[in-house]
Amino acid sequence: MPRTQAAGHVALAAGGAVWLLAGVAFVNPQGPAGARDAALRSHRVDMSPFQAAPEQPEVTTGMSWASFASVVAAFGLVAGIATTPVRAEEAAAPATEAAAPVAPVKSGPSNEDQTR
């Protein structure tokens with residue numbers, strides 16, 4: 001068996017073992033039902049009605065400097081994205097000289113070298 005195949009089998013076996021151990025760790029163990037129910041019945045819970053908190057007058061606070069700075073920064077970012085770039089050109093610049101055509105470069109051996 002090649003080495004890479006053996007390593008794959010070891011990794012698969014390790015992954016399966018971890019999967020089984022994870023399943024065992026998160027499954028609630030099922031003990032005898034009588035012992036579990038008796039433990040739940042032995043505790044007495046006292047119930048009391050919920051009481052609403054006393055009403056307090058509403059206090060309005062002004063905007064903090066941090067909130068104001070974050071709003072200004074957000075508007076600045078939106079303005080920076082929404083405006084057009086400063087260096088944009090309406091039309092392409094005219095060419096100053098006509099460029100001379102360039103001959104293609106040969107990368108392999110030429111026909112003359114092969115006939116010799």
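Keep in mind that the numbers below use all heavy atoms, side chains included, and drop hydrogens, waters and symmetry copies. One-based numbering along the sequence shown.
- Hydrophobic cluster membership of W19, counting Ile, Leu, Val, Met, Phe, Trp and Tyr whose side-chain heavy atoms lie under 4.5 Å apart directly or via other members: L20.
- With sequence neighbours left out, S48 forms a side chain to side chain contact (heavy atoms under 4.5 Å, CB included) with no residue at all.
- Annotation for F75: hydrophobic cluster partners, listed by chain and number, are V71 (ILVMFWY side-chain heavy atoms under 4.5 Å, direct or chained).
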Per-pair distances, 0.1 Å, donor-acceptor, side chain in residues 62-70, under 3.5 Å, sequence neighbours excluded:
| residue | atom | partner | partner atom | Å |
| --- | --- | --- | --- | --- |
| S64 | OG | S67 | N | 3.4 |
| S64 | OG | S67 | OG | 3.2 |
| S70 | OG | A66 | O | 3.4 |
| S70 | OG | S67 | O | 2.8 |

